[in-house]
Amino acid sequence: MNMKLNSSLTTLTNTSKNPFFRFIHYSISLKFISNTVLCVPHIAHNLFDKIPHRPTTLKEHNQLLFSYSRDKQTKEALNLFVSLLHSSLQPDESTLSCVFNICAGSLDGKLGRQVHCQCVKFGLVDHVSVGTSLVDMYMKTENVNDGRRVFDEMGERNVVSWTSLLAGYSWNGLYGYVWELFCQMQYEGVLPNRYTVSTVIAALVNEGVVGIGLQVHAMVVKHGFEEAIPVFNSLISLYSRLGMLRDARDVFDKMEIRDWVTWNSMIAGYVRNGQDLEVFEIFNKMQLAGVKPTHMTFASVIKSCASLRELALVKLMQCKALKSGFTTDQIVITALMVALSKCKEMDDALSLFSLMEEGKNVVSWTAMISGCLQNGGNDQAVNLFSQMRREGVKPNHFTYSAILTVHYPVFVSEMHAEVIKTNYERSSSVGTALLDAYVKLGNTIDAVKVFEIIEAKDLMAWSAMLAGYAQTGETEEAAKLFHQLIKEGIKPNEFTFSSVINACASPTAAAEQGKQFHAYAIKMRLNNALCVSSALVTMYAKRGNIDSAHEVFKRQKERDLVSWNSMISGYSQHGQAKKALEVFDEMQKRNMDVDAVTFIGVITACTHAGLVEKGQKYFNSMINDHHINPTMKHYSCMIDLYSRAGMLEKAMGIINEMPFPPGATVWRTLLGAARVHRNVELGELAAEKLISLQPEDSAAYVLLSNMYAAAGNWQERTNVRKLMDKRKVKKEPGYSWIEVKNKTYSFLAGDLTHPLSNQIYSKLSELSIRLKDAGYQPDTKNVFHDIEDEQKETILSHHSERLAIAFGLIATPPEIPIQIVKNLRVCGDCHNFTKLVSLVEQRYIVVRDSNRFHHFKDGLCSCGDYW
DNA sequence: GTAGGGTTAG
């Protein structure tokens, strides 16, 4: 025994009349007893003297042990046991199983193992009840392998032993073993009892297994556990968890006797599945049946009122809960706070929170913080978060995952550090929130690092990472990740598919990729889920395949606002204004709600088609008929609408009338239009504003310099270029991509790196002769260098999109449309060139530039030369 | 009773 302890014990013995009594009861922890008392007989004896009615026979010992165990007086029970070990009495199987039960209850594995070692000499561990208690003890203290070994070595096993083993695996989250062992048990001829069945069902509930749940139900019927209310209660939970509410209700209806757990389970089932009307039905029936609602009943029902966003109902339930005496109940008050926050009644929620009498715990703090976050009060949430910690309440994984939806860069880094310190980094929910924060901050590298650290990645974590890749357009990475999650046995849901399909909408993605995920979604019967079909419409539209987008839209069995918006935006991007507006009309005919996004689609459709008056009409109608406040994006659309039509004064007028200062997009739009319409004065103004807002954005300098060049003002152009050099701003080079046989090829202007370069350039020379015969005149206005026209022509003829088109003509058969993606806007001369190529080569060519789609066919473009 | 991921816009 350790010297230090020995001397402190000696000191205590000398200074106090009842040293061990005080020592044991006031200072030492359970662990301490386990390490010392068992080994020190005289300590135990002295302690034993303090027990009020000293038992003498084994039976009396056992009875006292049992009552200590029942009242969870662990220390007292262990002391009694130690004294028994040092008396002349021999413990029997009841003593030992009771002691192991006590160790299991204390959750102290070290202690349990020590007691086990002490008891081996009594030779009773083979006894079925002792063995069973031992299994339970090892399982509860996370020593799964030891528990299993004891079980395997037991000579005789009964239903209780088997149930302990099953419950042990379930306790340790190893649900997969539970069903297997349950089958093995029956194979060995042991019939389950109601506890076994409850345990198995609880495990299935946790694992979410559908098929097996039905088998268990069949068995319940077969073995007739009719009188076992807990079995039925857990069946109700099982079916609710699996979304099989009708089956849950069947069980509920067939029960002759129901306890309050039954009613609460049924209510919780309806709440979980969003069937709020049924919640109230059961709640009323519960009261009619004379069963008093508990605090959990109120909490569930209030949650239901919250999801209905019915403030009146929330208040009604609040009154009812108060009348039933739950005026200060923490759980009920927390549920009320959440409900009020959901109904946007933040003042009421906050005042309930500040008045919480029973003290605020981590749940109520987190509920209030989330309430602020959902109502846009990020700063308020951050303040509450620090206040919570000042008051000594430690955040849990709920709190961290909630607060991490605040995406202030410095705050996110601070939280990341804190999450590492508190060991929540590996938690799936916290990790997911953190990785999403990095994604939203545009930092994919850290997002990936966080993702890799998450220990047990659940579906949400995978989906968040997929969404991250979708945002950065990393289609290949997204596809790889998707296949990896399948390989790990995770079953994707509709959200997983919407993320990965969204990643396939990136302009550089292989066209086949999106189709493959579409096929996969059909196979998994998830293609009709709203978010999947909307993602498909957008993906096909962005990939240039507007017909497939419409096909998906047409086949949708149900549509929501997003579905309609996706189709309108799709048509609008393709310049098919008429169709976009038809979809909008159809939407209104069906009395669908419209929103701010709908009008962005509608107005841009008008912009691309030059329908200025119509655009203005829709803008007015949005404000006056639909009471939607225009955002910056709407104003940008309107400025685009007017300035593309050359009505720059009108555009300027809108800028002056805007209720908030115009942002960079507004000035960029105006600058582009000023360049096209050669309005140097307005261009200078717009460029100046744009450069002051975004000094690092190359587009502003390039547009301004091109504008000076177009006006022949080479001096000013040189000045702008010099300014760019000084500020180290680089012009984004123009790239074009083309996909041939599932491989993407990219071209720079004047590119010579392609293996077929020679053939590409000779194709271009051949085309240039044929096009000139067809009346093509190079438009050298589009070359912004102070050089001779002949040189300008050469520069034009080697723009990246032309190289890509030439390669497309060489490398693909004539019936295949050529699809090109360009990162900048296509220039006027290349637009003419492409029109004529589509005529002389009889090819369908689709070009997606940074702004919209151009469909070239028979010498014409879908944009009507208006872009 | 509290939490994280997803679909529409430019």
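Only this structure's heavy atoms are used, side chains among them; waters, hydrogens and symmetry mates stay out. Below, chain A is the first sequence line, B the second, and so on; all start at residue 1. The structure presented is a predicted model; accordingly, all values stated were derived computationally and were not measured.
- The phosphate of B:dG1 (OP1 or OP2) has no side-chain N or O of A:Asn361 nearer than 4.0 angstrom.
- Ring geometry for A:His550 versus A:Tyr571: interplanar angle of 30 to 60°, hence tilted.
- In this model, the phosphate group of B:dT2 is approached by a side-chain N or O of A:Lys303 to a distance below 4.0 Å at OP1 or OP2.
- Contacts of A:Ser428 with the nucleic acid, taken as non-hydrogen atoms under 4.0 Å apart, include base atoms.
- In this structure, A:Leu404 atom CG and B:dA3 atom C1' are separated by 10 Å, rounded to whole Å.
- A:Tyr400 and A:Phe385 have perpendicular rings, their planes meeting at more than 60° on a 0 to 90° scale where under 30° would count as parallel.
- In this model, the phosphate group of B:dT2 is not approached by any side-chain N or O of A:Gln330 to a distance below 4.0 Å at OP1 or OP2.
- Contacts of A:Val338 with the nucleic acid, taken as non-hydrogen atoms under 4.0 Å apart, involve only primed sugar atoms and P, OP1 or OP2.
- Checked against a 6.0 Å centroid threshold, the rings of A:Trp462 and A:Phe451 count as neighbours.
- Closest to the side chain of A:His397, out of B:dG6, B:dG1, B:dA3, is B:dA3.
- Looking at heavy-atom distances under 4.0 Å, A:Ser427 makes no contact with the nucleic acid at all.
- If you check every strand for non-hydrogen atoms under 4.0 Å, A:Ser566 touches sugar and phosphate atoms only.
- Side-chain nitrogen and oxygen atoms of A:Gln374 include at least one within less than 4.0 Å of the OP1 or OP2 phosphate oxygen of B:dA3.
- Ring planes of A:Tyr618 and A:Phe599: tilted class, angle from 30 to 60°.
- Taking the side chain of A:Val597 as heavy atoms from C-beta on, and the options B:dA9, B:dG1, B:dA3, the nearest nucleotide is B:dA9.
- Among the nucleotides B:dG5, B:dT7, B:dG1, the one closest to any side-chain atom of A:Ala299 is B:dG1.
- A:Asn493 comes within 4.0 angstrom of a nucleotide base, judged by non-hydrogen atoms across all strands.
- The residue A:Met296 sits close only to the backbone: its heavy atoms come under 4.0 Å of sugar-phosphate atoms, none of a base.
- Rounded to an integer number of Å, the gap from CE of A:Met460 to P of B:dA3 is 11 Å.
- Residues A:Trp365 and A:Phe353 place their aromatic rings such that the two centres sit under 6.0 Å apart.
- Counting non-hydrogen atoms under 4.0 angstrom, A:Ser429 reaches a base of the nucleic acid.
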